[in-house]
Structure formats: structure tokens, C-alpha cells
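Atoms within each ligand, like the ligands themselves, are counted from 1 in listed order. Heavy atoms only: backbone and side chains are in, while hydrogens, waters and symmetry mates are out.
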Amino acid sequence: SIQYSYERNVATYDGSMSQKHIREMMMENEFESAIEREEFVIWYQPKYDVKTERIEGAEALVRWKKSDGTMISPGEFIPLFERNGLIVRLDEYVFRKVCQIQRERMERGERVLPVSVNLSRATLHHEGIVERYAQIVYDSQVPFEAVPIELTETAALYSIQIQGLTEKMVDVGFLLHMDDFGSGYSSMTSLNVLPFRVLKLDKALIDFIGNSRGDQVIQHTIALAHGLGMKVLAEGVEVKEQVEFLRTMECDEIQGFYYARPLPLEVFSQLLDEEQKA
Ligand code: C2E
Ligand code: MG
Ligand code: MG
Ligand code: MG
């Protein structure tokens, strides 16, 4: 019977793997037409100033809205596109779109707040990436401040291997934010070597709030970042107690469901307009 259940397990495992594989093949095959049909849509999650509780900026988060109306979350396709290299094109597509949207807001005389864009490790590794991205900024005539770039700690650390890449980005004018800090193997090397403006504390750290050891970890991480001249943003903030604790700790910005979820452009723009009137 052991043999039997063993075989059954193997069979089940193979079955679910092939389901996943089929879905991945679908996403890979449909990537090209999805770009053409503009099925990749960008949602905006507001970032709030802890003191004023006003919107200070947003993060651009991509979703795949298929023609049948179903949505695929980035958690599903980003890891795949990171493995097969398509992420380089998707990242550039998102960056170009965000620059365009910022440009249009400027032209209409609307309030322009920084909208940060995520860059994968694979994208960083791509030949001539700094020049390409800088060209997009120049072509769309937006200031670098309007489109900060988020790199995860691991992507950033990895880029140390690519001689001076992040330094080159900063020299050109890009503002860098370190994403997901504290989600994996955090290393002081990343804080020491790399020129980041903002440290984004990962939800995994924020979830420690309320446990006395966790509170101390956050307190000292914020102090460390401030000491190094960085601003601190807390990600994944969902409850009031977290907001209050972060305010006491002098965290600068908050991004999380407590204030707002990622929103389609129209809803985000509306929110900005309403806030400006208030
Ligand atoms: P991220 O860059 O760390 O983005 C934050 C993620 O946390 C978003 O998930 C956001 O919806 C979620 N989040 C924000 N506040 C809360 C909260 O209070 N509670 C919870 N449970 N979640 C919260 P999303 O949009 O599903 O994106 C997941 C990841 O996909 C992103 O993590 C980022 O790594 C990646 N991603 C998204 N768009 C892009 C892109 O254009 N390029 C690249 N390379 N990666 C992207
Ligand atoms: Mg991010
Ligand atoms: Mg993050
Ligand atoms: Mg994340």
C-alpha cells in the first residue's frame, strides 16, 4: 500500500505540473499579441505621507487583462517572464507607458507626483539598459524625479557584479528605491555600496509589528536608513495599529491596503483631483 500511495502521489504531482506548464505555455505564446492589443494594463497604488496623510506618489503595478475580461496577476506571469527573458520587454513597455502618462499629466497642467516603476534583475542585466531607459526619459521629456526606479535588494546586490551599474544609473539621473527590503537575506552590503534614495520595508517586516522583538527590528532599521540619508517607506500596511506604530517610529511613507489598493488610472487620477480640491 505504501507503494500504491507513493505512485498516486507521483501521479498527482505530475498532473498538477503539467497544468501549470500548459498555462505557462499559453502566457508565453500570447505575450506578443498581448503587447500589441495593449492587454498589459498598469495600476497605481498610492503612497501616503505618514505625517500629512496625503498622497506623495504611487507605484506602477502591471496586470494582464485578457480579452475575455479575466485578469492575471503579476505574481503569476512575472516569475515566468523572468525565466524566459520576456520581462525585459515588459519592463520597458511599462516604463515607457508611465513616462507617457506623466508627460500627458504635465501637458494638461495636472499635479504630477512620482510614479515608481519596477525593474527586474534580468532587465538590469540586459545590454545597454541604462542608455535605453535614459533615452525614454529624454524622449518623453519628463524629469527623472517623476519616474523613480524600484530594484529589489537581490537585484541590486546582483548588479554589483555588473560593474558599477547602479552608480551609472544614478549618474545619469535616475532615482533608485530599494524594494522588498527585509524579505530575504538582507545584507548590509546593499546599504553600504548602493546609492538608494528610499528604502521600502517589505510586508514581511511590517507583519512583525506588535511583537516586541519585531518592533525593535523595525525601529532600528528605520534609524539605520535615516542615518544613511534614505527615506523609509513601509509596504503592505493593512491595519491602523501598524500606521500608528510607524508614525511613532518616524517612518516617512506608507503604501498598503489600509490607505489604498492598486487602482486603475482613472480611479487614481480621480483620487488625486479630489485630494487637491480638499
Ligand atoms: P512589489 O513591487 O513589492 O509590489 C507590491 C505588491 O504588494 C503589489 O502586488 C501590491 O498590490 C501588494 N500590496 C500592497 N499593499 C499591500 C497590502 O497592504 N497587503 C497585501 N497583502 N499586499 C499589498 P502585485 O501588484 O500583485 O505585484 C506583485 C509583484 O510583481 C511586485 O511586488 C513586483 O515585484 C512585481 N511587479 C509588478 N509589476 C511589475 C513590473 O512592471 N515589472 C516587474 N519587473 N515586476 C513587477
Ligand atoms: Mg515594487
Ligand atoms: Mg515591494
Ligand atoms: Mg514584493
Visitor: Identify the two heavy atoms, one from Ser67 and one from Arg37, that lie closest to each other, and give their separation to 0.1 Å.
Guide: OG-NH1, 4.3 Å

Visitor: Taking the side chain as every heavy atom from C-beta outward, state whether Tyr133 and Thr123 have any pair of such atoms under 4.5 Å apart.
Guide: yes

Visitor: Mark up the atoms of ligand 1 that fall under 4.0 Å of a heavy atom belonging to Gln45, in ascending order.
Guide: 10 (C), 14 (C), 15 (N)

Visitor: Using heavy-atom distances only, which candidate in Gln242, Glu238, Glu82, Arg63 approaches atom 20 (C) of ligand 1 most closely?
Guide: Glu238

Visitor: Please set out all donor-acceptor pairs under 3.5 angstrom arising from side-chain atoms of residues 263-272, sequence neighbours excluded.
Guide:
{"unit_1": "Ser269", "atom_1": "OG", "unit_2": "Arg105", "atom_2": "NH1", "d": "3.4"}
{"unit_1": "Ser269", "atom_1": "OG", "unit_2": "Leu265", "atom_2": "O", "d": "2.9"}

Visitor: Is the Mg ion (ligand 3) less than 2.8 Å from an N/O/S atom of Glu235, whether that atom is in the backbone or a side chain?
Guide: yes

Visitor: For Glu28, is there an ion pair with Arg23 - N to carboxylate O distance below 4.0 angstrom?
Guide: no

Visitor: Applying a strict 4.0 Å limit to heavy atoms, is Lys200 in contact with ligand 1?
Guide: no

Visitor: Could you tell me if the ring centre of Phe196 sits under 6.0 Å from that of Phe181?
Guide: no

Visitor: Please determine if Pro74 has a nitrogen or oxygen closer than 3.5 Å to a nitrogen or oxygen of ligand 1.
Guide: no

Visitor: Flag Tyr258 as yes when one of its N or O atoms lies below 3.5 Å from any N or O atom of ligand 1, and as no otherwise.
Guide: no

Visitor: Would you indicate whether the side-chain heavy atoms of Leu90 and Phe77 approach each other to under 4.5 Å?
Guide: yes

Visitor: Relative to the heavy atoms of Gly236, which atoms of ligand 1 are at a distance of less than 4.0 Å?
Guide: 15 (N), 16 (C), 17 (C), 18 (O)

Visitor: Find all atoms of ligand 1 within a distance of less than 4.0 Å from any non-hydrogen atom belonging to Gly256, and give their numbers and elements.
Guide: 15 (N), 18 (O)

Visitor: Nearest N/O/S atom of Asp180 with respect to the Mg ion (ligand 3), by atom name, please.
Guide: OD1

Visitor: Specify side chain, backbone, both or neither for Pro262, according to which of its non-hydrogen atoms lie closer than 4.0 Å to ligand 1.
Guide: side chain

Visitor: For Asp207, which residues count as a salt bridge (charged side-chain N to carboxylate O under 4.0 Å, His left out) partner, sequence neighbours excluded?
Guide: Lys203

Visitor: N/O/S atom of Glu59 under 2.8 Å from the Mg ion (ligand 3), yes or no?
Guide: no

Visitor: Between Lys47 and Glu150, does any NZ, NE, NH1 or NH2 come within less than 4.0 Å of an OD or OE carboxylate oxygen?
Guide: yes

Visitor: What atoms of ligand 1 come within less than 4.0 Å of a heavy atom belonging to Asp91?
Guide: 40 (C), 42 (N), 43 (C), 44 (N)

Visitor: Any luck finding a side-chain donor-acceptor pair between Asp91 and His126 under 3.5 Å?
Guide: no

Visitor: Can you tell which part of Val237 has a heavy atom less than 4.0 Å from ligand 1: side chain, backbone, both or neither?
Guide: backbone

Visitor: For the atoms OD2 of Asp179 and OD1 of Asn118, give the angle they form at the Mg ion (ligand 2), rounded to 10 degrees.
Guide: 90°

Visitor: Under 4.0 Å from ligand 1, counting heavy atoms only, is it the side chain of Val62, its backbone, both or neither?
Guide: both

Visitor: Heavy-atom contacts under 4.0 Å between Glu235 and ligand 1: side chain, backbone, both, or neither?
Guide: side chain

Visitor: Kindly state whether the ring of Tyr258 and the ring of Tyr48 have centres lying under 6.0 angstrom apart.
Guide: no

Visitor: If every non-hydrogen atom of Gly236 is compared with every non-hydrogen atom of Ile206, which pair is closest and at what distance?
Guide: O-CG2, 4.1 Å

Visitor: Suppose we only allow N, O or S atoms; which atom of Glu150 ends up nearest to the Mg ion (ligand 2)?
Guide: OE1

Visitor: Does Asp180 approach ligand 1 within less than 4.0 angstrom via side chain, backbone, both or neither, non-hydrogen atoms only?
Guide: side chain

